[in-house]
Colleague: 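Following this message is one structure expressed as structure tokens.
Letters go in sequence order (proteins before strands), and every chain restarts at 1. FYI, side chains are in, hydrogens and waters are out, and symmetry mates aren't considered; it's all heavy atoms of this structure.
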Number of protein chains: 2
Amino acid sequence: MRACIFFDIDNTLFPTAEFAELARRNAIRAMIETGLDASEKEIYAELKKLIREKGSNYSNHFDILLRRMGVARPARYVAAAVAAYHNTKSSIQPYPEVPQTLMELKKRGYRLYVATNGDAVKQWDKLIRMGIHLLFEDVFVSGEMGEEKGASFFRRVLAHVKANPSECIMVGDRMDSDIIPAKKLGIYTVRIMQGPYSKQKGKADAKIRKFSELLGVARRL
Amino acid sequence: MRACIFFDIDNTLFPTAEFAELARRNAIRAMIETGLDASEKEIYAELKKLIREKGSNYSNHFDILLRRMGVARPARYVAAAVAAYHNTKSSIQPYPEVPQTLMELKKRGYRLYVATNGDAVKQWDKLIRMGIHLLFEDVFVSGEMGEEKGASFFRRVLAHVKANPSECIMVGDRMDSDIIPAKKLGIYTVRIMQGPYSKQKGKADAKIRKFSELLGVARRL
């Protein structure tokens, strides 16, 4: 049996892409409800453009969006958008099989960790909102480690948890940041085929379609 | 009958001081629940000190607080604190008589406005969370107007709403920012005796203890 399992967060533990889409839709609808004179389609197109330019983690999206749309006193719409966005965020749920599967793995004696890209506070926020943060021994986030998830990131994670690659499993949805760097170090890699990166080409040591299949994969190691 | 009524927000429409206290308590408890090794009393004292230094509107309180406490990887506690703070904030309620009283004033034909100090997005956020934002014709916030609530602020508000001072009523809890500057311009001032500023010395044109008493005061003008 392996000793440690590392988990990616986005599109592995919870449907990030679907959530982000819903949060944006809700924010746009809230701005219109508060009196913004524009169509949902029009605002959505502007927002998409902005996200392509600035990235999805940028925190002043709605401010800039409204300025670009020529809205003179945008505070009411920014507040409405942010409130709707936060309301959506505060009710995020993991993929339905995640909590039970994590509990079962803990029962079997695995030490569970998170190894993820992103801003540390935002990633912790997701774990806390999903109510699963206490299941992990530790959480490693690129934003706090000072480097993106690559071979060097995983090397440092291994040092932190005091384990050899051969004792560990990495579970994630992306070839580039989850599977390739972990595999390179000799960590057993499990790819979960869901979310927008499921089309990436490449092969992990094992492939699962449902989170609970991890139980069978882990048992065979 | 007067045509317009201006309302302050904090400690006038909703119990800001009580809410802020509760939000801080909840944030501190959430950090401890997430594993922070310190007592509620100790954290609270540090936070109070920080608020005295930086003001209550400063957005990086928890970051700084944890750094000062020597916490090495603070992201989990920042996330827990912010989530608890937002959860408290998203369920704010106005003083119980506020919505009905505002509705009644609208029915009588008054144009209602907000005239408040603070950051525009934060003040709009409060109105939206309380579900009363659509009752106001417009909302004037010092942060958006570029000056604190004083005589000049009120002069510009009067110009915006196209009314003479003698057609207006100002309702607020503070002598310094609500009553004195509005009275100076000849606006009829109503002071609501609640919250931490109720001890300030000075006299408004009328004094009420409950928000609904405004109905009687307005009727007599």
Colleague: Taking the basic N atoms (NZ, or NE/NH1/NH2) and the acidic carboxylate oxygens, is any pair closer than 4.0 Å for B:Arg76 and A:Asp138?
Modeller: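 Judged by the 4.0 Å cut-off on N to carboxylate O distance, B:Arg76 and A:Asp138 do form a salt bridge.
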Colleague: Between B:His133, B:Lys89, B:Arg129, B:Gln123, which residue shows the highest count of heavy-atom pairs closer than 4.5 Å to chain A?
Modeller: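 Heavy-atom pairs under 4.5 Å are most numerous for B:Arg129.
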Colleague: Nearest heavy-atom pair of B:Ala75 and A:Glu144: which atoms, and what distance?
Modeller: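 Result for this residue pair: CB-OE2, 3.4 Å.
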Colleague: For B:Gln100, does the CD atom sit with more than 12 other heavy atoms under 6.0 Å from it, leaving out its own atoms?
Modeller: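 Not more than 12 within 6.0 Å, no.
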Colleague: Does atom OH of A:Tyr197 have more than 12 heavy-atom neighbours, drawn from other residues, nucleotides or ligands, at distances under 6.0 Å?
Modeller: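 At most 12 heavy atoms, drawn from other residues, nucleotides or ligands, come within 6.0 Å of this atom.
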Colleague: Find out whether B:Trp124 and A:Arg73 are in side-chain contact, i.e. whether some heavy atom of one side chain is under 4.5 Å from a heavy atom of the other.
Modeller: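 Heavy-atom side-chain distance check fails, nothing below 4.5 Å.
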Colleague: Do you know which of A:Thr34, A:Val82, A:Val121, A:Asp125 has the most heavy-atom pairs under 4.5 Å to chain B?
Modeller: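 Greatest number of close heavy-atom pairs with chain B: A:Val121.
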